Amino acid sequence: MIWYKRIAAELLAPLVDKTPDEVEAQLVRPPQAEMGDLGFPCFTLAKTLKKSPPAIASDLVGKMSFPDNGVFTSARAVGPYVNFVLNSAYLAEKTAGVAIANPDAWGRSNEGDGRTVIVEYSSPNIAKPLGVHHIRSTMLGAALARVYEARGWKVVPMNYLGDWGMTFGQLMVAYKANEKESPNQAVDVHSLLKLYLQYHADAEEDENLADEARHWFKLLEDGDPEALRLWRIFRDESIVALKKLYARMNVHFPEDAFKGEAFYLDKMDATIERLREKCLLKESEGAQVVDLEKFDMPPCLILKKDGATIYATRDLASAEYRHAHYRFDKALYVVANQQELHFRQVFKVLELMGYGWARNCEHVKFGMLAFGPGVFGDKQATMATRKGRVIFLEEVLDRAVEKARELIEENARSEEVKANAGKLAEQVGVGAVIFSEFCQRRMKDVAFTWEKALNLHGDSGPYLQYTHARLSSMLRIYGKSLPARPRWELMTHPVAKSLFMKLSEYHDALRMSEAENEPSFLATYLLELAAEFNRLYTDKENHRFISDDVDLTAARMGMVEALRLTLAHGLGILGLAAPEAM
RNA sequence: GCGCCCGUAGCUCAGUUGGAUAGAGCGCCGGUUUCCUAAACCGGAGGUCGUGAGUUCGAAUCUCGCCGGGUGUACCA
């Protein structure tokens, strides 16, 4: 919560016979700065006090006094509201002052108290390149991991790769078919995709291939050396490509985070045994299930009628494994909406198994990505790899970088920027793509369009980066170190005060992002912060940052540095670079 | 049928633990650069907040019904 809200609440509470918590919950920000900085609505008091809200507001104002140099300078009744006016200098010191005095602590909190959170995210099916849609889980999860980290949690990232299944049998069939002609096929994600497409094309004509694929998958399951060898190659090459792409997006999984389906294969027997011991398994239509009728859900399938396991079985085993190894206090599954029922079932079964920690498991779901009009035809289109309706993430990144590069070459005003054009284009282009993921609440379905993905203007990643570059540039021009005690009281521009208020909300934006698992809150906050600064910055008739007034300039530079720190920190959490010049 | 999600400006979305005249970006129209970055900024046009009721001093926000769209509904994940 925001500290000055608390102080106002404590001031008012005894006067209105309520607890500070109750009062705090009611405080609002007035719609216009001229009305005041923090408002308390008096409507609810009207009944008990038998007076009109405006009269109550006036009475309350009369009962309060404000010391010099305190948090608030005054309060006044504006209609039915008691509106507090913040002491601008005090506010500045508590926000910008705190930020520049200890930059490393800005944006950090120990509210997580060292608790452990597992964040499962990205989790692609391997053996083909990442598609654009993978950006959702990947960026959401990576940002959440960083939010939790900044909030004082110990974060364990997990990438639950789809690295097992019939697909590998199919790939082996295609690989073997090619082996006669080219014995030493090079394998990478793109050739794997070709094998996948080749198999499905061939299987259309030759119905024996399906049996062959099943055969190869069976060999793999039985530990056949050749099948295992191929599987390892396919998997290793996939991970190499993944890591390369992740690195471009500032996503870094530690080596032991890549625990895919294959990792849990040998752990499922024990899970099934525990289910049996607890008498949760029951036969139904030849399969083994956990009945969830009492909870208004279809049964959770554990063993298919052919005795094979299924994804619920693996998710149960992985949850058990993770709790045993990491003793997590919270486990986040950043997985698409569609799997809502699946996770509800799995969490319920964990609960029925007697695991109290089941309620600390949370499905962080998100809406689906489809292709908007103009991408594949003039209507919305869903993904379909086999029909060629895919866009690879790498291509999106490359096109964005190319577009950024063109813009840089048009605009570059210094040799330094020109010399750095390559690196900068990468930061800006990739930043634009990443940021587009945070432009809406995660539950919204997204229609991919090139226009949106490549947006370098307006509410976008590059807008924030540009603002950061402006701030950095100003500090370079100023060229002096910042004062230990800036004279904040010299800054009287009304926008400056509202910027300090905005800065005071930064920790709250992070707190809310954590509480709701919603990084878009942070993105929205950063856009508002940057917009407010740009408004002040471009008000050149009334405001210049660097002037002959040494003290005033120093104070302004203090604010500039605080803004820069906030943008840099926030961009970092979202996974964007914060260039010093562009 | 039932579950979950979404419905706010022409388009894409903020605003949702109820508060003062509903905001931004894109697009459209018109402006701002001898000046610390015009990837920016300012102004204008543009809204029955899907819809009907209810709760409340007060509803885009809460409750219920309805409409539209998405998605899921045991042997794929």
Side-chain angles (χ1 to χ4, degrees), chain A residues 25-28 30-32 35 39-41 43-44 46-47 52-53 78-81 83 123 125 162 165-167 261 284-289 292 296-306 308-312 314-315 335-342 344-345 365-368 370 372-373 380 404 407-408 410-414 417 428 432 436 439-441 443-447 449 451-452 455-460 462-463 465-467 469-478 515 520-521 523-524 527-528 530-531 534-540 544-547 553 560 581-582:
Chain A
Q26 291 202 36
L27 294 172
V28 291
Q32 283 171 358
M35 294 173 171
F40 174 72
F43 306 101
T44 47
K47 232 176 228 167
S52 73
V78 180
Y81 290 85
N83 285 349
S123 311
N125 288 327
M166 194 54 70
T167 309
E261 294 176 57
S284 168
E285 297 172 29
Q288 293 290 317
V289 306
L292 297 174
D296 287 322
M297 283 188 268
C300 182
L301 203 62
I302 303 297
L303 288 173
K304 302 194 281 187
K305 64 179 170 219
D306 65 2
T309 57
I310 191 166
Y311 62 120
R314 281 190 279 281
D315 269 341
V335 180
N337 224 336
Q338 279 101 320
Q339 302 214 33
E340 203 260 349
L341 178 60
H342 163 72
R344 267 176 51 217
Q345 290 179 311
K365 48 195 173 174
F366 53 84
M368 178 179 122
Q380 282 248 348
L407 236 199
I408 291 164
E410 263 171 51
N411 292 353
R413 62 200 74 220
S414 73
V417 169
V428 173
S436 68
C439 281
Q440 64 282 313
R441 287 244 205 174
M443 279 310 297
K444 292 241 190 198
D445 286 342
V446 172
T449 60
E451 192 193 357
K452 252 195 294 179
N455 181 24
L456 308 179
H457 301 270
D459 284 352
S460 67
Y463 175 80
Q465 293 173 318
Y466 180 73
T467 307
R470 268 184 161 174
L471 290 158
S472 305
S473 157
M474 225 181 296
L475 289 158
R476 272 196 303 274
I477 290 163
Y478 178 62
S520 74
F521 289 163
T524 303
L527 286 173
E528 286 168 1
N534 282 320
R535 209 169 301 141
L536 180 66
Y537 180 80
T538 49
D539 181 10
K540 292 188 173 161
R544 294 182 59 82
F545 278 81
I546 298 169
S547 73
T553 301
V560 166
M582 62 190 274

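On a predicted model such as this, the values are computed, not experimentally measured, just so you know. All chains are named by letter (A, B, ...) in the order of the sequence lines, taking the proteins before the strands, and each is independently numbered beginning at 1.
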(message) Of the listed nucleotides (B/C36, B/A40, B/C42), which one gets closest to any side-chain atom of A/Met474?
(response) B/C36
(request) Indicate whether A/Tyr466 forms a stack on B/A40; treat it as stacked only if centroid distance is below 5.5 angstrom and interplanar angle below 30 degrees. (result) no
(request) Check whether any side-chain nitrogen or oxygen of A/Asn337 sits under 4.0 Å from OP1 or OP2 of B/U71, and answer yes or no. (result) no
(message) Just the rounded figure in Å: distance from P of B/A40 to CZ of A/Arg470.
(response) 8 Å
(request) With heavy atoms under 4.0 Å as the rule, sort A/Ile546 into base, sugar-phosphate or nothing. (result) base
(message) Between B/G69 and B/A74, how many Å separate the two P atoms, rounded to a whole number?
(response) 23 Å
(message) Side-chain N or O of A/His342 versus OP1/OP2 of B/G72: is the shortest distance under 4.0 Å?
(response) no
(request) Answer yes or no: does a side-chain N or O of A/Arg344 lie under 4.0 Å from OP1 or OP2 of B/C4? (result) no
(request) Please round to the nearest 0.5 Å and tell me the distance separating atom OH of A/Tyr466 and atom CG of A/Leu471. (result) 11.0 Å
(message) Measuring from the side chain of A/Ile477 (C-beta onward, heavy atoms only), which nucleotide among B/C4, B/C36, B/C41 has the closest atom?
(response) B/C36
(request) Determine, answering yes or no, if A/Phe43 is stacked on B/G58 under the 5.5 Å centre rule and the 30° plane rule. (result) no
(request) Please tell me which of A/Ala308 and A/Phe521 maps to the more 5' nucleotide of RNA chain B, matching each residue to the nucleotide holding its nearest heavy atom. (result) A/Phe521
(message) Between B/U63 and B/G68, how far apart are the two P atoms, rounded to whole Å?
(response) 22 Å
(request) Take the protein atom OH of A/Tyr311 and the nucleotide atom P of B/G72, then report the distance between them rounded to whole Å. (result) 10 Å
(message) What I want to check is whether an N or O donor and acceptor connect the side chain of A/Glu285 with the base of B/A74 at under 3.5 Å.
(response) yes
(request) Would you please confirm or rule out a distance under 4.0 Å between OP1 or OP2 of B/A74 and any side-chain N or O of A/Lys304? (result) no
(message) Please check this pair: side chain of A/Thr553 against backbone of A/Ile546, looking for a donor-acceptor N/O pair closer than 3.5 Å.
(response) no
(message) Just verifying a value: how many Å separate A/Arg470 CZ and A/Gln465 CD, rounded to the nearest 0.5 Å?
(response) 14.5 Å
(message) Given B/A39, B/C13, B/U21, identify the nucleotide with an atom nearest to the side chain of A/Gln440.
(response) B/C13
(request) With heavy atoms under 4.0 Å as the rule, sort A/Lys452 into base, sugar-phosphate or nothing. (result) sugar-phosphate
(message) When you measure from the side-chain N and O atoms of A/Ser473 to the phosphate of B/U37, is any distance below 4.0 Å, counting only OP1 and OP2?
(response) yes
(request) Please answer whether the main-chain N or O of A/Phe40 pairs with a side-chain N or O of A/Gln26 as donor and acceptor at a distance below 3.5 Å. (result) no
(request) Quick one: label A/Gly286 by what it contacts on the DNA or RNA (base, sugar-phosphate, nothing), any heavy atom closer than 4.0 Å. (result) nothing
(request) For RNA chain B, produce a single dot-bracket line, 5' to 3'. Pairs: Watson-Crick or G-U wobble, both distances under 3.5 Å. Symbols: ( ) within strand, [ ] crossing, | other strand, . unpaired. (result) (((((((..((((.....[...)))).(((((.......))))).....(((((..]....))))))))))))....
(message) Does A/Ala447 reach a base, just sugar-phosphate, or nothing at all? Heavy atoms under 4.0 Å.
(response) nothing
(message) What's A/Ile408 touching, base or sugar-phosphate or nothing? Going by heavy atoms closer than 4.0 Å.
(response) base
(request) Specify the residue among A/Pro80 and A/Thr309 whose closest nucleotide of RNA chain B lies further upstream toward the 5′ end. (result) A/Pro80
(request) Look at the side chain of A/Gln32 and the base of B/U21, then say whether one donor and one acceptor between them are separated by less than 3.5 Å. (result) yes
(request) Measure from OH on A/Tyr537 to P on B/A39 and round the result to the nearest Å. (result) 11 Å
(message) How many whole angstroms separate atom CD of A/Glu340 from atom P of B/U73?
(response) 11 Å
(message) Students often get this wrong, so: under 4.0 angstrom with heavy atoms, is A/Leu407 touching a base, only sugar-phosphate, or nothing?
(response) base
(message) Taking only the P atom of each, what is the distance from B/U61 to B/C49 in whole angstrom?
(response) 10 Å
(request) Could you state the atom-to-atom distance from CG of A/Asp315 to P of B/A74 in whole Å? (result) 18 Å
(request) Measure from the side chain of A/Val289, starting at C-beta and using heavy atoms only, and say which of B/G25, B/A74, B/A39 lies closest. (result) B/A74
(message) Taking only side-chain N and O atoms of A/Arg441, does any of them lie within less than 4.0 angstrom of OP1 or OP2 on B/C5?
(response) no
(request) Could you tell me whether A/Ser414 contacts a base, only the sugar-phosphate backbone, or nothing, with contacts defined as non-hydrogen atoms closer than 4.0 Å? (result) nothing
(request) Starting at atom CZ of A/Arg413, determine the distance to atom P of B/C36, rounded to an integer number of angstrom. (result) 9 Å
(message) I'd like the C1' distance from B/A24 over to B/C67, given in whole Å.
(response) 29 Å
(message) Nearest 0.5 Å, please: how far is CD1 in A/Ile310 from NE2 in A/His342?
(response) 9.5 Å
(request) Would you kindly check whether a donor in the side chain of A/Thr467 faces an acceptor in the base of B/A39, or vice versa, at under 3.5 angstrom? (result) no
(message) Please give the distance between the P atoms of B/A60 and B/A53 as a whole number of Å.
(response) 14 Å
(message) What I want to check is whether the side chains of A/Asn455 and A/Ser436 have a donor and an acceptor closer together than 3.5 Å.
(response) no
(message) Looking at A/Asn83 and B/A20, is any side-chain donor or acceptor paired with a base atom of the opposite kind under 3.5 Å?
(response) yes
(message) Counting the atoms with a prime plus P, OP1 and OP2 as sugar-phosphate, which does A/Met35 contact under 4.0 Å by heavy atoms, base, sugar-phosphate, or nothing?
(response) base
(request) With P as the reference atom in both, quote the distance from B/G23 to B/G43 in angstrom, rounded to an integer. (result) 13 Å
(message) So if I take every side-chain heavy atom of A/Ala287 and compare against B/C36, B/C75, B/A39, which nucleotide ends up nearest?
(response) B/C75
(message) So A/Met166, base contact, sugar-phosphate only, or nothing? Heavy-atom distance under 4.0 Å.
(response) nothing
(request) Kindly check if the number of other-residue, nucleotide or ligand heavy atoms within 6.0 Å of CD (A/Glu451) is above 12? (result) no
(message) Using the P atom as the point on both nucleotides, what is the distance between B/C6 and B/G44, in whole Å?
(response) 33 Å
(request) Report yes if at least one side-chain N or O of A/Tyr463 is closer than 4.0 Å to OP1 or OP2 of B/C41; otherwise report no. (result) yes
(request) Let me know the distance between CD of A/Gln339 and C1' of B/U73, rounded to the nearest Å. (result) 14 Å
(message) By nearest atom, which of the nucleotides B/C26, B/U12, B/A20 is closest to the A/Tyr81 side chain?
(response) B/A20
(message) Minimum heavy-atom separation for A/Ala447 and A/Gly372, please, with both atom names.
(response) CB-CA, 4.0 Å
(request) Take atom CD of A/Gln380 and atom P of B/C6, then tell me their distance rounded to the nearest Å. (result) 17 Å
(message) Can you tell me if A/Arg544 touches the phosphate of B/C35, counting only side-chain N or O atoms and a distance under 4.0 Å to OP1 or OP2?
(response) no
(request) To the nearest 0.5 angstrom, please state how far the OG1 atom of A/Thr309 sits from the CD1 atom of A/Ile302. (result) 10.0 Å
(request) Please measure how far the P atom in B/C13 lies from the corresponding atom in B/G31, and state the result in whole Å. (result) 32 Å
(request) May I ask you to test the A/Asn534-A/Tyr463 pair for a side-chain heavy-atom distance under 4.5 Å? (result) yes
(request) Check for a donor-acceptor pair, side chain of A/Asn337 on one end and backbone N or O of A/Lys365 on the other, with a separation under 3.5 Å. (result) no
(request) Measure the spacing between NZ of A/Lys444 and CE of A/Met368 and express it to the nearest 0.5 Å. (result) 15.5 Å
(message) Please confirm whether the shortest side-chain N or O distance from A/Lys444 to OP1 or OP2 of B/U12 is below 4.0 Å.
(response) no
